[in-house]
Amino acid sequence: MSQQQWIKTTCPYCGTGCGVEAKVASNGAVEVRGDASHPANRGLLCSKGSALGETVIKQGRLEHAYIKGHQESLDKALSYVASRFSQTIAEHGPESVAFYVSGQLLTEDYYVANKLIKGFIGCSNIDSNSRLCMSSAVAGHKRAFGEDIVPGSYEDLEHAQLVTLVGSNLAWCHPIVYQRLKRAKQANPNLKVVVIDPRRTDSCDIADLHLPLNGGSDVALFNGLLAYLSEHGKLDSDYIAQFTEGFEAAVASAVEDAGDLAALATTCGLEPEALLRFFQLFANNERCVTVFSQGVNQSSQGVDKVNAIINSHLATGKLGKLGASAFSITGQPNAMGGREVGALSNLLAGHLDYKPEHLEALSGFWNTSNLSQKPGHKAVDLFDKVAKGEIKAIWIMGTNPAVSLPESAKIREALLSCPMVVVSDCIAETDTTRYADVLLPAAGWGERDGTVTNSERMLSRQRAFVEAQGDTKPDWYLLSQVAQKMGFAEAFSYTSSADIFSEHAALSGLLAESGERLFNISELSGKDQQAFDAIEPQRWPVSKQGSDNRSLFSDGRFSTTSGKAQLIAVTNQATKQGTSDAFPLVLNTGRMRDQWHTMTRTGLAAQLTSHSSEPLLEVNSQDAANQGLCDNSIVSLSSNVGQLKVRIQVSEGQKAGHVFMPIHWTEQYSSDGLVSQVVDSSVDPLSGQPESKYTPVKLAAWEYASEAVLLTAKPLTKAQCQALPADYWVKQGLADGFLYRLADGSTPVELAAKLKGFLMSQTKLQSLDFADPIKQNFRSALVIEGELFSSFSVAAKGELNASSWLESLLQQPMSDNIRRGVLAGTSPAPDLGKIVCSCHQVREQTISDVISEHACESAEQVGKHCKAGTNCGSCVPEIKRMIKTVTME
Ligand SMILES: Nc1nc2c(c(=O)[nH]1)N[C@H]1C(S)=C(S)[C@@H](COP(=O)(O)OP(=O)(O)OC[C@H]3O[C@@H](n4cnc5c(=O)[nH]c(N)nc54)[C@H](O)[C@@H]3O)O[C@H]1N2
Ligand SMILES: Nc1nc2c(c(=O)[nH]1)N[C@H]1C(S)=C(S)[C@@H](COP(=O)(O)OP(=O)(O)OC[C@H]3O[C@@H](n4cnc5c(=O)[nH]c(N)nc54)[C@H](O)[C@@H]3O)O[C@H]1N2
Ligand code: SF4
Ligand SMILES: [Mo]
């Protein structure tokens with residue numbers, strides 16, 4: 001493989017699906033840049049995409065196979081997996097095994113996993129983390145359109161007059177799509193943007209209207225919209241008559257459900273005028289795009305929320321036209337590909353369904369007599385079956401369920417009790433790999449090759465540009481080997497991802513003559529490796545004329561039996577768990593700008609760890625005051641299922657009665673930051689998607705007495721972290737070391753002694769100490785062979801000085817100057833605060849200085865002076881907030 005050429009591939013993070021060019025430079029570093037020829041991003045990358053090079057490293061990789069903790073050859077481990085799965089099936093039947101897969105697998109991996117379990121093992125116990133992510137959208141699309149279709153595209157944003165973001169923090173979660181929307185608004189000042197989200201997120205930066213609704217009240221809001229449209233003669237009667245069914249029932253239900261404007265405003269927790277303004281904007285603009293994401297899907301009414309949104313588009317004919325669409329934006333890079341290959345327990349491959357003619361056709365195509373005839377268990381139920389001992393062998397690939405599934409303690413117990421847990425991952429130590437009987441080393445980004453499909457149905461190639469490390473192999477290879485060893489050699493004789501893609505593409509054309517399904521990429525089948533390598537990004541369906549760039553459904557024909565779209569009558573239901581005196585606040589959970597899920601990769605890039613270095617619970621000032629909690633203190637948070645400790649950040653963007661906690665921190669990175677310990681596992685009855693955005697909780701002050709920062713050159717091991725003598729800790733990766741933030745119930749002098757004892761017991765160190773018993777301030781630098789091994793600084797609660805200057809110490813030899821600084825607790829260099837602009841590594845203080853020095857009034861002016869905000873633009877809303885604050889001071 002040539003190491004010096006730029007290779008075109010795609011970003012492994014969000015569903016935007018940005019094209020990336022990557023290469024290994026002569027010094028061995030991986031360089032990345034945006035692919036200017038890729039239609040999804042036209043050369044731009046966000047902070048996470050820009051830092052990809054930093055994550056392609058050896059540190060922490062799972063390079064070899066392990067059976068019960070012992071390193072083994074890959075072949076031996078694969079044989080062991082095959083024999084244990086075969087044995088379990090022979091003794092307990094096919095329903096006793098399961099696969100739990102991920103929207104981060106490539107389409108080819110996904111295809112093989114689905115084919116093996118459904119087609120040959122003969123059960124449908126395969127579910128994906130997409131259950132936690134897109135399954136409500138899938139079910140909503142199937143109810144409305146007869147097929148899981150996202151009709152829209154990014155281009156719609158440029159043609160729209162109104163873009164509404166519902167439960168989507170596009171600015172942080174799909175930054176390049178957000179930048180495209182922002183540019184569209186700059187080019188067309190008449191384009192209005194509305195954000196419907198209980199929080200005021202950075203996406204509100206470009207919003208003309210923000211509706212901070214009560215969590216869970218979207219069905220009521222969109223029923224209110226439909227009722228308003230009907231009452232004010234704003235419907236498209238021709239479209240309704242020609243292309244839809246179910247209108248009467250849907251409107252009747254909406255009118256009854258919504259009640260009058262005042263009642264609706266109360267239900268939604270909004271001002272009536274604000275609601276009305278949104279209704280008028282939707283009614284009076286022809287080209288409306290409604291982008292929705294997890295605020296909609298992750299709900300016990302997720303499917304109804306999706307249909308309530310789609311209803312208002314169908315009733316006004318605002319669908320299937322350029323600039324008019326209901327647009328479910330996908331989260332993971334290949335969530336869409338997983339839906340295409342049918343790797344959820346209730347789907348079949350190639351958008352086929354569990355109906356006799358489809359099952360027969362698929363059995364014929366796969367040449368199997370063992371095709372599973374009925375849907376399997378959805379993720380939450382599937383892990384319940386593991387807990388009950390009904391599922392006795394599970395293979396988890398490309399996902400970290402010990403962190404991402406709700407009620408983590410239950411999931412961990414299930415994994416612990418399961419006789420056979422196989423985990424394939426590219427990272428050695430995750431919260432889930434801990435429970436593996438067999439660990440299989442998966443190829444990671446940069447080493448793998450195949451296809452992904454983004455939010456707008458655009459299929460792109462991911463291409464390898466580095467050699468595989470150790471024994472790592474792509475998941476399709478691991479699966480095919482196990483399948484062969486289980487006796488299915490003929491059906492799994494794949495030698496490349498090109499072979500698999502070709503079969504998948506051919507399958508999509510099955511029964512095409514019936515015209516039932518729009519997903520069809522069969523024109524792409526039969527490509528040899530060279531032709532596969534040359535596949536350009538393109539949107540499906542793909543016909544003989546090439547990629548189909550129309551908005552789907554532009555002809556008004558849908559994939560339902562009647563060919564008509566279905567409006568669905570929905571009514572607002574209470575959330576599964578309601579707030580009460582015992583649990584008065586709503587816990588909402590979601591994402592931060594620079595981290596990806598369980599941090600197994602983004603946690604490695606120092607460039608990304610500074611923007612949010614500790615999990616913070618955002619609390620409205622009123623709620624904090626009511627409970628006597630101050631900003632920056634640590635609280636105990638509990639729900640009906642668990643309890644944790646978290647530092648609070650008082651935030652005006654937070655709606656009163658609602659608190660928000662990020663999902664990223666795990667046991668690898670914190671003592672207490674794992675939010676799924678407290679998230680309830682109620683699900684939507686139709687999609688099975690967990691209600692991750694609404695758990696009733698209570699807060700109480702945690703009375704700790706001391707705080708510390710501990711700096712180490714090497715990361716503490718899992719065992720060392722467990723032995724850390726502090727009740728609360730959070731780890732942050734730095735460029736040349738690690739920073740631990742600690743808090744403890746003991747006094748500063750006690751904590752300082754405990755910490756020193758702990759560190760000295762690890763290795764032979766020379767210790768330099770400073771103590772100020774009056775101020776309760778204690779510092780030590782622990783030195784090994786003249787280099788700083790670790791240092792800590794302990795103070796009483798709330799008295800610890802900012803620590804970001806400490807980060808720089810690890811990059812330098814232990815000079816006298818630095819030693820003095822550590823001991824005096826003063827910085828040898830100015831403390832510049834946290835990194836605001838990740839792309840250009842610009843810190844808070846630099847930006848504040850630039851604002852005051854140059855009297856900057858706009859983010860552009862700040863950018864001119866210090867480059868902050870000039871690459872991906874994700875930090876622009878934060879810079880604008882800083883301009884406001886600095887100017888006020
Ligand atoms: N930086 C970053 N980007 C990511 C990811 C990541 O981990 N990090 N993950 C990717 C993945 S897999 C996904 S699924 C997407 C998710 O992308 P988003 O869905 O945009 O992200 P979330 O932060 O989960 O939630 C979105 C918003 O829903 C709001 N919300 C909560 N409850 C309600 C409600 O009842 N109604 C409404 N209308 N809104 C509500 C929350 O306040 C939150 O701001 O992001 C993708 N992109
Ligand atoms: N409370 C709460 N919970 C949530 C959410 C929420 O908003 N709130 N969001 C949900 C959503 S939308 C999602 S998508 C999930 C995400 O949750 P997860 O899927 O559990 O999170 P990731 O960290 O993305 O896990 C991916 C794993 O795959 C590994 N990996 C990366 N590349 C490969 C590969 O090529 N092959 C293999 N075999 N492994 C690989 C990574 O190291 C990592 O361990 O979380 C869900 N959970
Ligand atoms: S927006 Fe960022 S994370 Fe998403 S695909 Fe593009 S570069 Fe990757
Ligand atoms: Mo997701």
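All values derive from a computational prediction rather than experimental measurement. Counting starts at 1 for both ligands and their atoms, in listed order.
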Contact with ligand 2 for [X], non-hydrogen, under 4.0 angstrom:
X	result
Ser424	yes
Ala443	yes
Val403	no
Cys426	yes

Can the positive tip of Arg199 be found less than 6.0 Å from the middle of the six-membered ring of Phe660, inside 45° of the ring normal?
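Cation-pi check for Arg199 and Phe660: passes.
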
Below a 4.0 angstrom heavy-atom separation, can you tell me which part of [X], side chain or backbone, both or neither, approaches ligand 2?
X	answer
Val679	side chain
Ala442	side chain
Asn400	both

Which is closest to [atom] by heavy-atom distance: [options]?
atom	options	answer
atom 26 (C) of ligand 1	Gly590, Gly103, Gly167	Gly167
atom 35 (O) of ligand 2	Met134, Arg448, Glu447, Lys473	Arg448
atom 19 (O) of ligand 1	Cys268, Ser293, Ser299, Pro198	Ser293
atom 29 (C) of ligand 1	Thr201, Thr575, Asp197	Asp197

Within the 4.0 Å heavy-atom shell around [X], which atoms of ligand 2 are there?
X	answer
Arg601	31 (C)
Thr598	21 (O), 22 (P), 23 (O)
Leu132	10 (C), 11 (C), 12 (S), 46 (C)
Gly398	26 (C), 27 (C), 28 (O), 37 (C), 38 (N), 39 (N), 40 (C)
Thr600	41 (C), 42 (O), 43 (C), 44 (O)
Gln104	19 (O), 22 (P), 24 (O), 26 (C)

Below the 3.5 angstrom mark, is there an N/O of Ile196, backbone or side chain, next to an N/O of ligand 1?
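The answer is yes, given that Ile196 and ligand 1 share an N or O pair closer than 3.5 Å.
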
Please state which protein non-hydrogen atom is closest to [atom] and give its distance, to 0.1 Å?
atom	value
atom 20 (O) of ligand 1	Asn169 N, 2.7 Å
atom 12 (S) of ligand 1	His597 NE2, 3.0 Å
atom 38 (N) of ligand 1	Asp218 OD2, 2.7 Å
atom 11 (C) of ligand 1	Gly331 CA, 3.3 Å
atom 13 (C) of ligand 2	Arg591 NH2, 3.8 Å
atom 8 (N) of ligand 1	Gln595 O, 2.6 Å
atom 10 (C) of ligand 1	Trp596 CZ3, 3.4 Å
atom 3 (N) of ligand 1	Cys173 CA, 3.4 Å
atom 32 (N) of ligand 1	Lys693 CB, 3.6 Å

Modelled atom types, side-chain donor and acceptor of [X] and [Y], under 3.5 Å:
X	Y	answer
Thr575	Gln577	no
Ser497	Asp449	yes
Asn169	Ser203	yes

Phe660, portion touching ligand 1 at heavy-atom distance under 4.0 Å:
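No part of Phe660 comes within reach of ligand 1.
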
Any idea which part of Lys305 is under 4.0 Å from ligand 1, heavy-atom wise: side chain, backbone, both or neither?
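Side chain only.
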
Tell me whether the centres of the aromatic rings in Tyr111 and Phe501 are closer together than 6.0 Å.
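They do not qualify: ring centres at least 6.0 Å apart.
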
Check if Leu213 has a non-hydrogen atom at a distance under 4.0 Å from any atom of ligand 1.
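Per 4.0 Å heavy-atom rule, Leu213 contacts ligand 1.
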
Would you say His658 contacts ligand 1, with heavy atoms under 4.0 Å as the rule?
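His658 does not count as a contact of ligand 1 under the 4.0 Å cut-off.
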
Any side-chain heavy-atom pair from Pro406 and Pro690 closer than 4.5 angstrom?
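Heavy-atom side-chain distance check passes, below 4.5 Å.
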
Roughly how far, to the nearest 0.5 Å, is SG of Cys426 from CZ of Arg61?
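With rounding to 0.5 Å, CZ (Arg61) is 5.5 Å from SG (Cys426).
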
Inspect the contact between Asp202 and Arg593 and indicate whether a charged nitrogen and a carboxylate oxygen are less than 4.0 angstrom apart.
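No.
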
So does Asp127 pair up with Lys378, basic N to acidic O under 4.0 Å?
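The answer is no: the pair does not qualify as a salt bridge.
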
Tell me, with the steps shown, if Glu54 and Arg601 meet salt bridge (charged side-chain N to carboxylate O under 4.0 Å, His left out).
CA-CA 9 Å; Glu54 279 195 55; Arg601 289 164 292 162; over 6 Å; no

Quickly, which of Thr164, Asp197, Ile196 forms a side-chain contact (heavy atoms from CB on, under 4.5 Å) with Leu211? Name it, please.
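Of the listed options, the one satisfying the test is Ile196.
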
Return the orientation label for the Tyr100 and Phe383 ring planes: parallel under 30°, perpendicular over 60°, tilted otherwise.
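Aromatic pair Tyr100/Phe383 classed perpendicular.
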
